[in-house]
Asker: 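First, the structure itself, so that you have it in front of you.
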Amino acid sequence: MKTNLLRAIMPLVLVLTLVSCSSDATEDLVMPADAATAKYDYNNDELALFDAINQYRESIGLSTLQPVEYVSYKSGQHNDYMISVNEISHDFFQERSQNIMAVVGASKVNENVAYNYSTANSVLNAWLNSPGHKANIEGDFTHFGASIRINPETGKKYYTNIFIKK
């Protein structure tokens, strides 16, 4: 009797084990190490955001940050995620951060996100009025990446700006 019950349950246990080990939500967060050489095609708004952040940092005596295309790629992935769930968040930041550390050799990673600002200067001003976001902009970082994506259904912009220290 116990053997028959065990035989009946084993296939179910096997299926549950296989299914529980995969996560569709985080599959696209991990890329091979050679992805660090991937190219990111910056739009004018993203370039304006880089310039605005660096101008602000220079104005307060900090060094400028250098863009890293892979970090912008990861920022874009996060914007795509936020658009897909129609919500601004830092979901999966830990996974994103660990991936960036592994791929580009960062020792520190922080992130700013925003939604529905029309220009780089307007989102920068909003971040500067928030202590946590401002701390990231003024932080001890050497590089950064950014992505600005537009939700095709609403026309609203989503912003992800990731700061790293190498």
Asker: State whether the side chain of Asn116 and the backbone N or O of Lys157 hold a donor-acceptor pair below 3.5 Å, judged by distance alone.
Answerer: no

Asker: Parallel, tilted or perpendicular: which one describes the rings of His78 and Tyr81, with boundaries at 30° and 60°?
Answerer: parallel

Asker: What heavy-atom pair brings Ser72 and Tyr42 nearest, and what distance separates the two atoms?
Answerer: OG-OH, 2.8 Å

Asker: Ile150, Leu47: one ILVMFWY side-chain cluster at the under-4.5 Å cut-off?
Answerer: no

Asker: Nearest 0.5 Å, what's the CZ-NZ distance between Phe163 and Lys108?
Answerer: 11.0 Å

Asker: For the residue pair Ser147 and Tyr40, confirm or rule out a side-chain donor-acceptor distance under 3.5 Å.
Answerer: yes

Asker: Please tabulate, one pair per line, all N/O donor-acceptor pairs under 3.5 Å involving side-chain atoms of residues 135-142, not counting sequence neighbours.
Answerer:
unit_1 : atom_1 : unit_2 : atom_2 : d
Asn136 : OD1    : Asn110 : ND2    : 2.7
Asn136 : ND2    : Glu111 : O      : 3.3
Asn136 : ND2    : Asn112 : OD1    : 2.7
Glu138 : OE2    : Tyr56  : OH     : 2.3
Asp140 : OD2    : Lys165 : NZ     : 2.5
Thr142 : OG1    : Lys166 : N      : 2.9

Asker: Is a side-chain donor or acceptor of Asn161 paired with a backbone partner of Gly145 at a separation under 3.5 angstrom?
Answerer: yes

Asker: Treating Glu46 as the side-chain partner and Ile148 as the backbone partner, does any N or O pair qualify as donor plus acceptor under 3.5 Å?
Answerer: yes

Asker: Is Ser122 reaching over with its side chain to a backbone N or O of Thr119, donor-acceptor style, under 3.5 angstrom?
Answerer: yes

Asker: Looking at Arg149 and Asn79, would you say the former's side chain and the latter's main chain have a donor-acceptor pair under 3.5 Å?
Answerer: no

Asker: Counting neighbours of NZ on Lys156 that are heavy atoms of other residues, nucleotides or ligands and sit closer than 6.0 Å, is the number greater than 12?
Answerer: no

Asker: Identify the two heavy atoms, one from Val109 and one from Phe93, that lie closest to each other, and give their separation to 0.1 Å.
Answerer: O-CZ, 3.4 Å

Asker: If we ignore hydrogens and angles and just use 3.5 Å, is the side chain of Asn129 paired with the main-chain N or O of Asn125 as donor and acceptor?
Answerer: yes

Asker: Nearest 0.5 Å, please: how far is OG in Ser89 from OH in Tyr158?
Answerer: 9.5 Å

Asker: Any non-hydrogen side-chain atom of His143 less than 4.5 Å from a side-chain atom of Pro67?
Answerer: no

Asker: If you round to the nearest 0.5 Å, how far is CD1 of Ile100 from CD of Glu95?
Answerer: 11.5 Å

Asker: To the nearest 0.5 Å, what is the distance between CD on Gln77 and NZ on Lys74?
Answerer: 4.0 Å

Asker: Test side-chain contact (heavy atoms from CB on, under 4.5 Å) on Tyr70 and Asn99; report intermediate values, then the result.
Answerer: CA-CA 10 Å; Tyr70 184 73; Asn99 177 266; 2.4 Å; yes

Asker: Return the minimal non-hydrogen interatomic distance between Ala126 and Tyr117, and the atom names on each side.
Answerer: CB-OH, 3.3 Å

Asker: Between Asn121 and Ala52, what is the shortest heavy-atom contact and its length?
Answerer: OD1-CB, 3.5 Å

Asker: Should Arg57 and Ile53 count as side-chain neighbours, where that means a heavy-atom distance under 4.5 Å?
Answerer: yes

Asker: Can you list everything that forms a side-chain contact (heavy atoms from CB on, under 4.5 Å) with Asp51? Sequence neighbours excluded, please.
Answerer: Gln55

Asker: Can you sort out the partners of Ala120 under side-chain contact (heavy atoms from CB on, under 4.5 Å), two or more places apart, ordered by chain and number?
Answerer: Ala48, Leu49

Asker: Identify the heavy atoms of Val113 and His133 that sit nearest to each other, and give their distance.
Answerer: O-NE2, 4.0 Å

Asker: Could you walk me through whether Phe50 and Phe144 pass the ring pair (Phe, Tyr, Trp, His ring centres under 6.0 Å) test, one step at a time?
Answerer: CA-CA 8 Å; Phe50 286 145; Phe144 61 172; 4.5 Å; yes

Asker: Treating Ser75 as the side-chain partner and Val71 as the backbone partner, does any N or O pair qualify as donor plus acceptor under 3.5 Å?
Answerer: yes

Asker: Contact between Asn86 and Asn151 at the side-chain level, heavy atoms closer than 4.5 Å - yes or no?
Answerer: yes

